[in-house]
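The next block holds one structure in the form of structure tokens; read it before the comments.
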2 protein chains.
Amino acid sequence: MLMSPVAGADEDAPGHAAVAQPDLAEAAVKLFGDPLRAEIVRLLAREQMCTCHLVDDTGARQSTISHHLRVLREAGFISAEPRGRYTYYRLRPEALSLLTVGIANLTAQAHHAQAIRRPCV
Amino acid sequence: MLMSPVAGADEDAPGHAAVAQPDLAEAAVKLFGDPLRAEIVRLLAREQMCTCHLVDDTGARQSTISHHLRVLREAGFISAEPRGRYTYYRLRPEALSLLTVGIANLTAQAHHAQAIRRPCV
DNA sequence: GGGTGACATCAACATGATTTGATGTAAGCA
DNA sequence: TGCTTACATCAAATCATGTTGATGTCACCC
């Protein structure tokens, strides 16, 4: 999982992301793959929030919010911090950076790909 | 649609992508939202290809490939060039760049969000 | 200790997207 | 002109993921 921002795993090998690997796509889908999840990401990009805030601000059910937070957490994009009975979440910029780099590399690659055309049999 | 790489629309307003708008998420999903589509993107990142190549290389059905190409084309990530009975497709780096910028901005925003925490009632 | 509230998890259901095969149109060739 | 091939589109079937309500655990408070 070169591009997947899993907690602490392979974060020292960004150079290997010269090609868009399945991990880049999977990471992007984990981050944005659903409108509600994207909304959660947007809210967390503004400030740390606990589940109750996210429930109030999105209007979604608590269990739905928890489900999406789990997806984001397991993908490494957010980290959780229990505070008494509340759990605060924050976006991890370092994880987003990996995604940025991955797509930037794909962009660079696409520049060169334009001049290459395989003949059809 | 500030972040959606629609052909020629609003490409002069990247500065407005300081916040991850719904369009950033939608664009990402259009690009990577499905394993086959991500595979197509990866292949097109290497070289221009026609539908018949993509069918051969992915093993997917022609109509499935056409469907995904349509999604990518309508989202502005690829452009089509009919060549006789063949249609060649290429990735548009300029469209990928917008996505890169959008996520980079989200990353920057997330840096500041870390220090902000809303109290729970 | 008992009651309340936050929230993670579970299982069933709903929804939206992908896949499939059929079909029509256009290009190439004899 | 007729035949073959590439591929875009359509509608139905299939599949994956999101949503829901219930439940259990834990933290807080009186």
Side-chain angles (χ1 to χ4, degrees), chain A residues 7 22 25-44 48-90 117-121, chain B residues 4 22 25-44 48-90 117-121:
Chain A
E26 283 178 31
V29 169
K30 290 287 166 55
L31 187 64
F32 290 129
D34 168 72
L36 178 58
R37 195 139 85 238
E39 178 66 19
I40 289 171
V41 168
R42 278 194 292 277
L43 290 172
L44 290 179
Q48 289 194 45
M49 293 171 86
C50 74
T51 315
C52 63
H53 298 141
L54 292 167
V55 169
D56 289 343
D57 289 10
T58 61
R61 297 290 198 280
Q62 176 266 314
S63 51
T64 307
I65 295 291
S66 272
H67 163 78
H68 286 298
L69 288 174
R70 179 180 184 164
V71 173
L72 289 168
R73 194 180 66 243
E74 292 183 346
F77 282 113
I78 63 172
S79 58
E81 183 184 349
R83 283 304 199 129
R85 62 171 60 167
Y86 303 100
T87 308
Y88 273 87
Y89 291 89
R90 68 173 184 91
R117 177 178 290 184
R118 184 196 307 187
C120 298
V121 252
Chain B
S4 175
E26 283 178 29
V29 169
K30 289 286 165 56
L31 186 65
F32 290 129
D34 168 73
L36 178 57
R37 195 139 86 240
E39 176 67 19
I40 289 170
V41 169
R42 278 193 294 275
L43 291 172
L44 291 178
Q48 288 193 47
M49 293 172 88
C50 75
T51 316
C52 63
H53 297 142
L54 291 168
V55 169
D56 289 342
D57 288 10
T58 62
R61 297 291 201 280
Q62 177 265 313
S63 52
T64 306
I65 295 289
S66 272
H67 165 77
H68 285 298
L69 288 173
R70 180 180 185 167
V71 172
L72 289 168
R73 195 180 66 243
E74 292 182 347
F77 282 113
I78 62 173
S79 59
E81 183 184 350
R83 283 301 200 131
R85 64 171 61 170
Y86 302 101
T87 307
Y88 272 86
Y89 292 90
R90 69 171 183 91
R117 178 178 291 184
R118 184 196 307 186
C120 296
V121 255

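Each chain gets a letter, A, B and so on, in the order its sequence line appears, and its residues count up from 1.
Rounded to whole Å, the distance from CD1 on A:I78 to P on C:dC7 is 12 Å. Whole-Å rounding puts the B:D56 CG to D:dA6 C1' distance at 12 Å. At whole-Å resolution of the value, CZ in B:R83 and P in C:dA26 are 20 Å apart. Per the geometry, OH belonging to B:Y86 stands 18 Å off P belonging to C:dA26, to the nearest Å. Computed from coordinates, the A:R85 CZ to D:dA27 P distance equals 11 Å when rounded to whole Å. Rounded to a whole Å, the OH atom of B:Y88 is 12 Å from the P atom of D:dA6. As rounded to whole Å, 14 Å separates atom C1' of D:dT17 from atom CG of A:L72. The CD1-P distance, from B:I40 to D:dC7, rounds to 13 Å in whole Å.
Note that CD of A:Q48 and CD of A:E81 are 6.0 Å apart. Values are rounded to the nearest 0.5 Å. One finds the CG atom of A:L54 at 11.0 Å from the CD atom of A:Q62 (value rounded to the nearest 0.5 Å). Taking CZ from B:R37 and CD1 from B:I65, the interatomic distance works out to 11.5 Å, rounded to the nearest 0.5 Å. Residue B:L36 holds its CG atom at 4.5 Å from NE2 of B:H68, rounded to the nearest 0.5 Å. Between A:L69 atom CG and A:T51 atom OG1 the span is 5.5 Å, to the nearest 0.5 Å. A distance of 8.0 Å separates CZ of A:R118 from CG of B:D56, quoted to the nearest 0.5 Å.
Counting any heavy atom pair closer than 4.0 Å across all strands shown, B:Y89 reaches sugar-phosphate atoms only and no base atom.
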B/S/- contact track for nucleotides 13-25 of chain C, protein heavy atom under 4.0 Å: -----SBBBB---
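You'll find the side chain of A:R42 reaches within 4.5 Å of the side chain of A:E39, heavy atoms only. Put simply, the side chain of A:M49 reaches to within 4.5 Å of the side chain of A:D57, judged on heavy atoms.
Distances shorter than 4.0 Å separate some side-chain N or O of B:T51 from OP1 or OP2 on D:dC7.
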Verdict with reasoning, A:L72 to A:L31, per side-chain contact (heavy atoms from CB on, under 4.5 Å): CA-CA 6 Å; A:L72 289 168; A:L31 187 64; 4.2 Å; yes
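Each end of the helix from C:dG1-D:dC30 to C:dA30-D:dT1 gets its own axis, taken as the rotation carrying the C1' atoms of four end pairs onto the next four within a five-pair window, and the two axes meet at 30° to the nearest 10 degrees.
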